[in-house]
Amino acid sequence: DLRRNSLDAVPAFVFELSSALHSLALGGNAIRQVGRAAHERWGSLSGLGFIDLSNCRIEDLGSLPICAAQHLNLLRSLDLSNNDLRLIPAELGLVGTLNSLQLSGNPQKTVRTAILDQGTPAILSYLKNRLPEGYQLPHEHHHQAQHQAQHQQPPQQRDVNVRMQPSSRSRPQNESVHPNSGGYTSLVESGRFGGGGGGGGGG
């Protein structure tokens, strides 16, 4: 039970428990995002039957809905009530094992109050019907990998990009590429035109 522990993220050790974890109670923390951090391998928690993420500050569910639909085949209860969710991902409608999906207390306008009042089966059906016809779930962790790729470019590659940057501009007429410099060397400076140093050349 990790409720009311002033956590601002789902702890990494949770995902080390893998399929042995059956219940995850994180309500009452200060978590703003789930399913975005590199350590959040929700698909590995295949034994989960209960997730409580209520009364946090969650604004973004990240990869959680997709992973739940693909891998959490024992999930019966998902409590997302009293958060800051403005959008409810339609993929949650594909988590057909849910008996209880709590969404009340969020500023979202995806699911109308009248549907929320009808209970979980109506919510799941409504969300599922919002998906495009023929929709297929993306590859596992697609969104998460895309997010991480923006921040994990190898340092060596970043250096190469910086060194090669001059190649994007037009090459001046009196410049050539020096084979060892990684940039441009003026033909005047190299003495290949008659104006460099003190050599007077002229017509």
Side-chain angles (χ1 to χ4, degrees), residues 2 9-12 14-27 29 31-150:
L2 298 172
V10 183
V14 166
F15 300 93
E16 296 173 3
L17 299 173
S18 191
S19 59
L21 186 64
H22 302 296
S23 177
L24 180 58
L26 287 164
N29 284 292
I31 301 171
R32 290 192 177 276
Q33 289 187 335
V34 296
R36 290 294 185 190
H39 68 264
E40 292 189 38
R41 302 183 303 275
W42 288 96
S44 68
L45 304 179
S46 57
L48 271 180
F50 170 84
I51 301 176
D52 176 13
L53 290 167
S54 65
N55 297 290
C56 294
R57 301 174 183 175
I58 298 173
E59 302 172 346
D60 181 12
L61 294 174
S63 63
L64 177 57
I66 290 175
C67 286
Q70 289 178 323
H71 303 291
L72 305 189
N73 298 323
L74 300 178
L75 189 61
R76 299 289 183 266
S77 176
L78 177 59
D79 192 347
L80 297 169
S81 60
N82 301 315
N83 281 293
D84 292 330
L85 292 170
R86 297 185 178 277
L87 175 69
I88 306 300
E91 288 87 353
L92 278 177
L94 300 177
V95 190
T97 58
L98 284 173
N99 295 325
S100 175
L101 174 59
Q102 301 299 320
L103 298 173
S104 61
N106 284 284
Q108 64 87 24
K109 296 182 179 180
T110 307
V111 185
R112 299 189 302 273
T113 302
I115 296 175
L116 293 176
D117 291 342
Q118 294 177 39
T120 298
I123 297 172
L124 294 176
S125 177
Y126 176 79
L127 289 172
K128 187 176 181 179
N129 287 335
R130 288 177 63 87
L131 292 168
E133 185 177 355
Y135 173 82
Q136 292 184 345
L137 286 166
H139 191 269
E140 183 179 2
H141 303 317
H142 171 75
H143 295 296
Q144 191 173 19
Q146 198 172 39
H147 177 75
Q148 294 168 19
Q150 299 172 2

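Values below: all heavy atoms of this structure, side chains included; hydrogens, waters and symmetry mates excluded.
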How long is the straight-line distance from [atom2] of [Y] back to [atom1] of [X], given to the nearest 0.5 Å?
X    : Y    : atom1 : atom2 : result
I58  : L53  : CD1   : CG    : 4.5 Å
L21  : L48  : CG    : CG    : 4.5 Å
L103 : T113 : CG    : OG1   : 11.0 Å
W42  : I51  : CH2   : CD1   : 5.0 Å

Not counting sequence neighbours, which residues clear side chain to side chain donor-acceptor pair (under 3.5 Å) with [X]? List them please.
X    : result
Q108 : none
S100 : Q102
S77  : none
N82  : N55

Under a 4.5 Å cut-off applied to non-hydrogen side-chain atoms, are [X] and [Y] in contact?
X   : Y   : value
L78 : L72 : no
L80 : I88 : no
E40 : F15 : yes
L61 : L92 : yes

Step by step, work out the side-chain contact (heavy atoms from CB on, under 4.5 Å) result for L85 and T110.
-> CA-CA 10 Å; L85 292 170; T110 307; over 6 Å; no
Non-neighbouring partners of Y126 that pass ring pair (Phe, Tyr, Trp, His ring centres under 6.0 Å), sequence neighbours left out | none
For [X] and [Y], which heavy atoms make the closest approach, and how far apart are they?
X   : Y   : result
E91 : A69 : O-CB, 4.2 Å
S19 : S46 : CB-OG, 3.4 Å
P65 : V95 : O-CG2, 4.2 Å

Mind jotting down which residue pairs meet the salt bridge (charged side-chain N to carboxylate O under 4.0 Å, His left out) criterion with at least one end in residues 57-85? Sequence neighbours excluded, please.
-> R32-E59, R36-D60
Strictly distance-based, threshold 3.5 Å: is any side-chain N or O of [X] a donor or acceptor partner for the main-chain N or O of [Y]?
X   : Y    : answer
S44 : S18  : no
Q70 : P138 : yes
H39 : E16  : no

Tell me, please, which residues at least two apart from L74 pass side-chain contact (heavy atoms from CB on, under 4.5 Å).
-> none
Please identify each residue that fulfils side-chain contact (heavy atoms from CB on, under 4.5 Å) with P11, with sequence neighbours left out.
->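 With neighbours one apart ignored, the set is L2, L7, F13, V14, L26.
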Does anything in residues 114-123 pair up under side chain to side chain donor-acceptor pair (under 3.5 Å), and if so which pairs, sequence neighbours excluded?
-> none
